[in-house]
Amino acid sequence: MSVELDVFVGNTTIMDKEVYQLWLNGYTVNDAVKVRIEGGVMEECEASADVLLSDTMDQYRTFQMCERLLHHPAKLANQLLFQIPPDRQAMLIERYYAFDDLFVREVLGKKLSKGTKKDLDDVSAKTGVSLKSCRRQFDNFKRVFKVVEELKGPLVENIRQHFLLPDQLARDYAAIVFFANNRFETGKKKLLYLTFQDFAFCAGQLINHWTLGAVDSMMEDMDVDLDKEFLQDLKDLKILITDKDLLDQHKSLVCTALRGKTSVFNEMEANFKNLSRGLVNIAAKLINAKDVRDFFIDLVEKFIEPCRSDKWTSIDMNLFLTHYTNSAHILDTFKHHAVWTRYMGVIKSCILRMYHD
Amino acid sequence: MPGKLKAKIVAGRHLPVMDRASDLTDAFVEVKFGNTTYKTDVYPKSLNPQWNSEWFKFEVDDEDLQDEPLQITVLDHDTYSANDAIGKVYIDIDPLLCSEAATVISGWLPIYDTIHGIRGEINVLVKVDLFNDLNRFRQSSCGVKFFCTTSIPRCYRAIMVHGFVEELVVNEDPEYQWIDRIRTPRASNEARQRLIFLMSGELQRKIGLKVLEMGGNAVVGYLQCFDLEGESGLVVRAIGTACTLEKISTLPSTATHQSNSSPSKDMKEPVFGEEVPGIPLSSGPPTPLRAQTFSSFSPSKSYSRQSSSSDTELSLTPKTGMGSGGSAGKEAGPLKALLRQQTQSALEQREYPFFTLTSFPSGFLLHVGGVVSARSVKLLDRIHNPDEPETRDAWWEEIRQEIKSHAKALGCHAVVGYSESTSICEEVCILSASGTAAILSSRFMQDGPLDTEHRFEEVVPPGCGFCHIPYDELNIPFPAQLTYCYSCRRSKVPDVLFTTIDLPADANITGKGCLIQARLCRTKKKAQGEGNATAISNLLPFLEYELHTQLMNKLKLRGMNALFGLRIQISVGETMLLGLASATGVYLTALPGPGGIQIAGKTPSDITYEQHISNMQKKINDTIAKNKDLYEINPPEVVEEIIGSPIPEPRQRSRLFRSQSESSDEVSELDLSHGKKDAFVLEIDDTDAVEDIHALLTDSPTPQGFYSCNTEIMPGIQNWTSAIQMFTSVRVFRLNNANLTNQGLNKIFSDLCENLLKSLYFKLRSMVPCCLCHLNFTVAIPEDELIQVAVTAVAMSFDKEQILENGKQSGEKTLTKAITENDEQLQFNLELNPESSHANPLSSPKGLSEVGSHPSARAPSVDYSSFADRCSSWIEQLRLKAHTIRRGSVKTTSSMEKASPLPEGRSRSLRSNRSYSGTSVAVVKMTPLSFIPGAKIIKYLGIINMFFIRETTSLREEGGVSGFLHSFIAEVFAMVRAHVAALGGNAVVSYSMKECVFMENPNKNQAQCLINVSGDAVIFVRESELEAASVQPQSTTHTSNGGEGT
């Protein structure tokens, strides 16, 4: 004796947030039922395990039927099959496109290819995120990437409009797309201490200031690629380290400004030339795609690590970078003020974000 | 050439990819009506084609307009091979033919394919220009309005209720034609869908003609059914109640506006005002149809192998409910007023004094006798001549005659809440009809006594009058215990009352109602032909008797004394019969309180046995007490003997402890009335009885915060919020164990229903406090060893605390509206506080009962009971308030919504979505009820009657049987909503799923399902919206109709 068929269809589609989350997390129906039983929903509603099983199956089926619509969230709003109130639709989309920071940290900057997808079981084992969920998240990244790759205009706005995501989530996706497109290295051991949010912040900075869209939003090109012209101009900054006079002047200006204001003054004074060389060299090399990939590892190796070994505080760091940036403008023979500001603005905020005390 | 149909194909969207190479589609559209077909251009390489076609015009007879649907086929153009069909849309243009309904069909409609389901949407515009028809000999009946709603539609007034109309048409089922062997499943399905569309169009037209003949202009309570008789054909039949309705114009401007805008105004039928009672349409010549349907039936010609006259003698047709006893009291009581006989004779002149309505304009329903029902078992045979469906007509005529005579036996001249149904298994067909015998006022009858205004009408006290017996008490057609009405004390009432109608709006009740179900399974031997039919007809009386016993027991267990909306469904399979009786139990204040249930053992010698019995007795008593508490049944205890009834009834005393076994000896006579005992005695004489009692107690109570009923309104709850959720749930259960006893089957079946209910409660838990209204169960035996149960209902939230809250605030306006009760009660409510209870004995329920029992309260006022109800619910509110902090937020939002003068987003969506060129989909509400809480229906757009077939040959890939059916039901909902929206509506009321035939063949990975749904498309406006904006509702209508959804 068995229930052969069991369906429930409401005029307004009923969706339980909790079950949706379990489905997204890749639980099987039976596991989901167990979790729900432990959650105490049974006592609350005088239900039995059978009822719970039937409900869970039904909801899973609904979600599966909705899934193909969720791949094109705009369709969810004008499809006729399910009558879902707008706030529910927003919830469905937001949760479907939500991701685990742990997971995204693993694939950030990797090519969103079939090869990467094959390795997802390793990622799943490592992060504890179920394989099903990993696949969903990966496919989401890929889908968003494919769609916005072709589009003109601001990246975040495109994502928000095409996938109807809330602002923060759209920004995160922009970061993921941006990283995947530029293939930034994020998996090196030295970078492991950085969270996804750190990278997302940096990506935001890069998108807002270093891409073509940052200069002219009407530009034909999109904001997934860095502004080539700007990268070219960055080479001119080399003068700051190649010209001995400039370097000394720069150092003395910074030292004068900082004297007595920081506890790590001596270390700073001793290390100034190395640090400055590090930052300027990063700038000069960015024209090469390979060096773009190493941007973050370079920042850590050339700047953050030396400072950390000297026990700089964030305040020290902030002070130094502020004066380091500003002093360059006072140098007589330094002409590349615009490029310098554009470069250092991003570098400063990235370093400050990446520098964990 | 009385009509011009115009159609324009605007665009398509979400089309499927038909060309794998390009991932695109080259779509074009064929528009077909009758034999004329037009084509659009091919819109190459797009999934969102913009055809923007010219207007395709069809000049056709209005007869065709009524019969034929507009058929739109979307195809993919293929240069080298045949064009592939993407899918079809059938548009019923009937709503456009009535001046008061929709004026245009415009919007996105799903493109449907019977194999693939919905495949994108198409945007169309359809209009009809009707010319004045001067031809008297016409066959069409354009302009007659149809309503599924079984009451007078909300924005109309009944001027006349003409009576019963029925019609049936038959045809061969395309699925069983020889050609089906060589054509594709798709072609076969489409042929079937189209045929049924045509047949229901024809049926509707023919019914319309009858209505016109009777002088009416509308059919209310229109019920159309299909009988898929397999080899022997396809029957589409319909019944309804012909009425003359008049639109209540809320605004004077409405009328003028209407007449300006509608080109088909002239089609309107002559209106029968009250001043001119009945201008008979005698000038209209009788059509050939009429002769056919009203032909006297000749059983000898019947194709049923089992002679139909003997059917009746085999008592296949026991009268359930209060009806019984056959020969006694055929004549109406001589004590009844002369006038009633006049009305009666007027009614008797009619073929069938039947009414499909379940609720009535006030003053129409005078007395209710009880349920009358008739069943008959027939053997199906091929319908030889589809144009002369005499056999089927004769079958139904036979049954209707029987119903009529049952009603007569109950001293009634009419049958209300009338419905008909069939159950078919192979070649056996059970025809059933049931209704409630009643006496109606002649006020709305055309052929009633003439001096309508000044004649002496029977004075019937509102609230209890309908309970008063219509039959003569000295000549009771069946044994029943009569007492004087507990409300007015002037007339006699029975001890229990079973009806198929809704609880009258003004009825006095105590406490709340609840769903009561009796479920029964009976095994039957496999048999063929006549033997099978005989076996079934022999089983039927037992089935009915047991269902009735179960209902009675369950009713008493809940401490109630009346059933409303009783619906008994008997379903036949190869090896079993299923019986499911659903009704809403209620405590009618006018009727005596039910006695308890007593258990008597057969062998009192055994001590343990006695203990067992007393345990069981205790359990039952506890349950009754608990239920009384749950449903707030605390009637004023009027002790009849103290007051003293004018007519002493000594005989009832002596019968007090007549045992169950005695009455079960009378099975052959089918005495279904158990009404002779104060305490109902259940005798345990065998294990079956023990099981029965256990089964009685296994009905689990509804979880807290839930109520359920199968009627339109839940007795005892009024303050609905606007939150409604209509749903359909289907379960199929496989009995793997072939050798099951009746008891075992009963348990399985009962559990199946109970578990289904439990699942529903769980699903809808977020709507608490809420009531599942119009719970409509349909059972079927699709195959051997399979039981299918389908439920359609609506969950409606209500506001427990609202009364109290509003009382505190001065928002009395909302209050008066929310609970439609009179002012005195409101004041009581406001005055209620613990202090005053000392001073006023009336304020406490306890004090109330004391007063009630006092001799001085000879004629207890109507208010007492409902007042007690008030008190208790007030106390409950206090209790609730204490522990529902969690619910607080929900409550405030809902009250905010009420308070805000601006319409809320959702309700406004109709207008806004249409004007903002359809970026999102307009919300369409669906409900099986005839109303939408908190809203006013301002326009009926026409009837929705859709039939779909879905088939799959990749069952596993579609998620198995559940996945398949789940998406199909969702698709049906979507199509209903889309068609309603295209008519300019925002809701479907009186929605029902009349057929859900599911067949599977998992081994072949195949499944097929047929669904038939119907309802009334309407435009509603939130009451808050009506008040706030002084905008005329008509303008709303206009915007929504005029706006072209793109």
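Source: prediction; values computed, not measured.
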Residue, of Glu1000(B), Arg765(B), Met926(B), Arg977(B), that accumulates the most heavy atom pairs under 4.5 Å with chain A:
Arg977(B)
Could you please state which residues from residues 13-35 of chain A sit under 4.5 angstrom from chain B, measuring non-hydrogen atom to non-hydrogen atom, sorted by number, or 'none'?
Ile14(A), Asp16(A)
Can Tyr97(A) and Arg136(A) be counted as having a side-chain donor-acceptor contact under 3.5 angstrom?
no
Is it the side chain or the backbone of Ala970(B) that comes within 4.5 Å of chain A heavy atoms, both, or neither?
both
Taking side-chain hydrogen bond (donor to acceptor under 3.5 Å, both in side chains) as the definition, give me every residue that meets it alongside Gln137(A), ordered by chain and number, with sequence neighbours left out.
Asp100(A), Ser133(A)
What's the shortest heavy-atom distance between Ile111(B) and Val89(B), and which atoms?
CA-CG2, 3.9 Å
Applying a strict 4.5 Å limit to non-hydrogen atoms, the region of Gln788(B) in contact with chain A is neither
I'd like to verify something: which residue of Val732(B), Val972(B), Leu764(B), Asn755(B) has the highest number of heavy-atom pairs under 4.5 Å with chain A?
Val732(B)
Looking only at heavy atoms and a cut-off of under 4.5 Å, which of Val41(A), Leu52(A), Asp55(A), Asp50(A) has the most pairs with chain B?
Asp55(A)
Is it the backbone or the side chain of Phe998(B) that comes under 4.5 Å from a heavy atom of chain A, or both, or neither?
side chain
Considering all heavy atoms of both residues, which atom of Met767(B) and which atom of Ala795(B) are nearest to each other, and what is their separation?
CE-O, 3.4 Å
Salt-bridge present (Arg135(A), Asp139(A); N to O < 4.0 Å):
no
Looking at every non-hydrogen atom in both residues, tell me the closest pair between Ala793(B) and Pro928(B) and how far apart they are.
C-CG, 3.9 Å
OG-CG distance between Ser962(B) and Asp58(A), expressed to the nearest 0.5 angstrom
8.0 Å
Who among Ile969(B), Val924(B), Ile118(B) has the most heavy-atom pairs with chain A under 4.5 Å?
Val924(B)
Residue Met993(B) excluded, over 12 heavy atoms near CE under 6.0 Å
yes
Just so I understand: if I count every heavy-atom pair under 4.5 Å between each of Lys758(B), Glu971(B), Met726(B), Lys763(B) and chain A, which residue has the most?
Lys763(B)
Between chain A and each of Ser766(B), Pro703(B), Pro110(B), count heavy-atom pairs under 4.5 Å; write down the option with the most.
Pro703(B)
If you look at every heavy atom in His162(A) and Pro73(A), which pair is closest and at what distance?
O-CD, 4.1 Å
Part of His14(B) lying under 4.5 Å from any heavy atom of chain A:
side chain
Part of Gln725(B) lying under 4.5 Å from any heavy atom of chain A
side chain
Distance-only side-chain donor-acceptor flag, Arg88(A) / Thr12(A), under 3.5 Å
no
I'd like to know which of Ser967(B), Gly959(B), Gly117(B) tops the heavy-atom pair count under 4.5 Å against chain A.
Ser967(B)
Check this for me: does any side-chain nitrogen of one of Lys747(B) and Glu754(B) sit under 4.0 Å from a carboxylate oxygen of the other?
no
Could you label the plane-to-plane angle of the Tyr112(B) and Phe968(B) rings as parallel, tilted or perpendicular, counting under 30° as parallel and over 60° as perpendicular?
parallel
